[in-house]
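One structure below.
A, B, ... follow the sequence lines: proteins, then strands. Residue 1 opens every chain.
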2 protein chains.
Amino acid sequence: MAAKSVPTLEDVATRAGVSRATASRVINADPRVREAARVAVQAAVDALGYRPNRAARSLVKRGPDSIAVVVPESDERVFSDPFFSGTLRGVTQALASTPLQVVLVMGEAGDDDGRMGRYLRGGHTDGAIVVSHHQDDNLWRVLEQTQLPSVFLGRPYSEQATMPYVDVDNAAGARLATEHLLARGCRTIGTITGPPDMSAGRDRLRGWEEVLREAGRPTDLVESGDFTAAGGAAAMHRLLERSPDLDGVFVASDLMAVSAIGELSTLGREVPGDVAVVGYDDSPAATLSRPGLTTVVNPVSQMAGRAVALLLRLMAGEDAEPEVLSTRLVVRESA
Amino acid sequence: MAAKSVPTLEDVATRAGVSRATASRVINADPRVREAARVAVQAAVDALGYRPNRAARSLVKRGPDSIAVVVPESDERVFSDPFFSGTLRGVTQALASTPLQVVLVMGEAGDDDGRMGRYLRGGHTDGAIVVSHHQDDNLWRVLEQTQLPSVFLGRPYSEQATMPYVDVDNAAGARLATEHLLARGCRTIGTITGPPDMSAGRDRLRGWEEVLREAGRPTDLVESGDFTAAGGAAAMHRLLERSPDLDGVFVASDLMAVSAIGELSTLGREVPGDVAVVGYDDSPAATLSRPGLTTVVNPVSQMAGRAVALLLRLMAGEDAEPEVLSTRLVVRESA
DNA sequence: TTGAAAGCGCTAACAC
DNA sequence: GTGTTAGCGCTTTCAA
């Protein structure tokens, strides 16, 4: 009753009364095998429940075949914020001319030393693009340690991370938005931020602050919305409670902006009449929302394309420099 | 200028003037190495741009670490139909108590011998759950050939596929829906189907047909909507063109049903006053739509849970039988 | 603390 | 057609 662990090709061959090579041929559908041998091997495979060890196989085969898009977020968020689908589409498109498969790896931030880290260390992919990286996920450590070629989409939070990244100038984008609010005559301008533990969140807040400070305005009307719809609405609510005369708000993502507008209308405020709002992303929702959302363009798919380009360089053994894309404001009705 | 391909541990060791074993120790942060050796190896690693070959590593290490959710659909579809996010959530939850990471692998159907097949054959994951399988993707062939433990979520189209699956009784669900339409007095009942090359599409159509046939009604009011929003609206349009006195329609997915209702209202029909509509899935959209959508429950997350259970059995070397879950109708306002 | 050597399970010449 | 023989690149006893 010895628990003869997992059967190997050797076992199959022995049982079928052939050599390992022949067994291997049968399994790989090589035509030059006698029917009898084929049958015997097949029977042995079935009897033993043999399954090829893929590590061994790829050890001898070689060649890259996939890259991972790593998102330290819950699947819920990944599927609800169009930012991610946009990114994924961009990556997929950029990889269209290569034989590389994209795999999406999601997981709660902070679990990086759990399954995500283990997976990444497992070396199943030939490169990684990290998308919504947070301050305390140590993804960059794991990646650095395993030397897996990887690039960040969005500047990594930690200055220590050495891998290249592609980012958009988030602070500049926020400045554009805030200046627009100012130019249109808003007096009391708040902001709904992204998570403070992400560089995009911080940078956008900084841009808003800078403009307001330069204009000699107060910079205390700040509420965090965590890049979720519910968070955006709640933050809008708090903002209005703190400052009922609020007449302009810069929201750090369209997803939050749309729900903030909803909250505003629930609270009896008109947009842009009473409160002007500017979003960030220029996601599909921006066009569809009523009123149309004035927003900062986040060139997601362009960024994804650049990230892939950098990654491909890295995978080829060349090195790659960070890239920062510029952005612009799209004016619609909301501000 | 010889292109000394990828450096191996051997190269590192040689360059650092130590043995392979010591180099390995340094790389795996084994404490018992002299500082000098550590430094030398580290330098060699940097100089050579050495990266461990993960296949070799896992060949000697062992142990499963991930399963793939394979979806032969474009990322666009995957991100727009809540069916997929529901499934993924279910899988993730079911795997919560294990150390397994989920990776999502998407790709155009039919590309199965391209990157998707190559990836699957590459043996990067220890199991696979195939969702949304189509008639002519030969995924099941690939999976059978590589002996990768795998289960289908939704009965595979081909009878030849031998892997276990979990499915819901789609025909019974469709029957429930159609009977409801009949019971509520509809006289002219059409259907908007899913893709004919998927078992779910066929089965739901069959259920609708059966009920109508048993009731002695015509079964020709069939239009395909391909499980997309745009397809649903277009199909609705055609249906109404063909039969302006249509007063009931069974739509094979909520996503299509919601847009069909939109089309209906564009065309000046009231739901359920003029036309009653029943959807399929009971997705979040069903509750949110106006009027609320009467629909057949597709127990996505339960199915995902069962699929994971079967897969885990397979991975443990046990075998697993197909499972078919039952379903029920949720009556809201639309019919 | 280090090296030598023995595999991990598989595929691919190369001979027969 | 089929078996023999080398490795693929790495980790890990086992001695030294």
Side-chain angles (χ1 to χ4, degrees), chain A residues 4-42 44-45 48-65 118 121-124 126 145-148, chain B residues 4-42 44-45 48-65 118 120-124 126 145-148 317:
Chain A
K4 178 67 186 79
S5 52
V6 266
T8 76
L9 187 55
E10 180 78 58
D11 302 328
V12 172
T14 308
R15 173 155 187 148
V18 301
S19 74
R20 232 164 54 226
T22 300
S24 173
R25 291 189 186 103
V26 171
I27 286 167
N28 295 292
D30 188 312
R32 33 182 205 184
V33 233
R34 234 182 341 136
E35 190 54 20
R38 183 186 316 288
V39 173
V41 171
Q42 195 54 57
V45 165
L48 264 31
Y50 167 77
R51 267 187 269 132
N53 175 321
R54 289 168 305 260
R57 180 176 279 172
S58 41
L59 176 56
V60 59
K61 291 224 171 267
R62 323 296 202 88
D65 61 8
R118 192 161 32 239
R121 277 188 247 271
H124 301 292
D126 307 289
Q145 199 184 103
T146 63
Q147 312 246 18
L148 182 68
Chain B
K4 177 72 185 72
S5 52
V6 265
T8 77
L9 187 55
E10 179 78 58
D11 302 327
V12 172
T14 307
R15 175 160 185 140
V18 301
S19 75
R20 229 161 57 224
T22 299
S24 173
R25 292 189 185 102
V26 171
I27 284 168
N28 295 292
D30 187 313
R32 34 183 204 181
V33 227
R34 233 184 337 135
E35 189 54 21
R38 184 187 314 289
V39 173
V41 171
Q42 197 53 59
V45 165
L48 263 31
Y50 168 76
R51 265 189 270 133
N53 175 320
R54 275 159 281 257
R57 180 176 278 173
S58 45
L59 176 55
V60 57
K61 290 219 170 277
R62 320 298 201 84
D65 62 9
R118 192 162 33 237
L120 257 12
R121 276 188 247 270
H124 301 291
D126 305 289
Q145 200 184 104
T146 63
Q147 312 248 17
L148 182 69

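- For A/Arg51 and C/dG9, a side-chain-to-base donor-acceptor distance below 3.5 Å is absent, hydrogens and geometry of angles not being considered.
- The side chain of A/Ser19 lies closest to D/dT4, out of D/dT4, D/dT11, D/dG9.
- Listed candidates were C/dT2, D/dC8, D/dG3. Nearest to the side chain of A/Thr22 is D/dG3.
- A donor-acceptor contact under 3.5 Å is formed by the side chain of B/Arg25 with the base of C/dG3.
- Residue B/Leu59 contributes atom CG, which lies 12 Å from atom P of D/dG9 at whole-angstrom precision.
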Legend entry - Step-by-step side chain to side chain contact (heavy atoms under 4.5 Å, CB included) determination, B/Thr22 to B/Arg38: CA-CA 8 Å; B/Thr22 299; B/Arg38 184 187 314 289; over 6 Å; no

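- When the P atom of D/dT11 is taken as reference, atom CG of B/Asn53 falls 10 Å away, rounded to whole Å.
- Between A/Arg57 and A/Leu9, the closest side-chain pair of non-hydrogen atoms is not below 4.5 Å.
- Here A/Arg32 lies in heavy-atom contact (under 4.0 Å) with a base.
- Nearest-nucleotide mapping onto DNA chain C: of B/Arg20 and B/Gly17, the residue sitting toward the 5' end is B/Gly17.
- Contact annotation: the side chain of A/Leu148 never approaches that of B/Arg51 to less than 4.5 Å [non-hydrogen atoms, C-beta and beyond].
- For B/Ala37, counting side-chain heavy atoms from C-beta on, the closest listed nucleotide (C/dT2, C/dG9, D/dT2) is C/dT2.
- In this structure, the CZ atom of B/Arg38 is 13 Å from the C1' atom of C/dT2, given to the nearest Å.
- A/Ile27 has its side chain out of reach of A/Ser24: every pair of non-hydrogen atoms, C-beta onward, lies at least 4.5 Å apart.
- Here C/dT11 is the nucleotide among D/dT2, C/dT11, C/dC8 with the atom lying nearest to any side-chain atom of A/Leu9.
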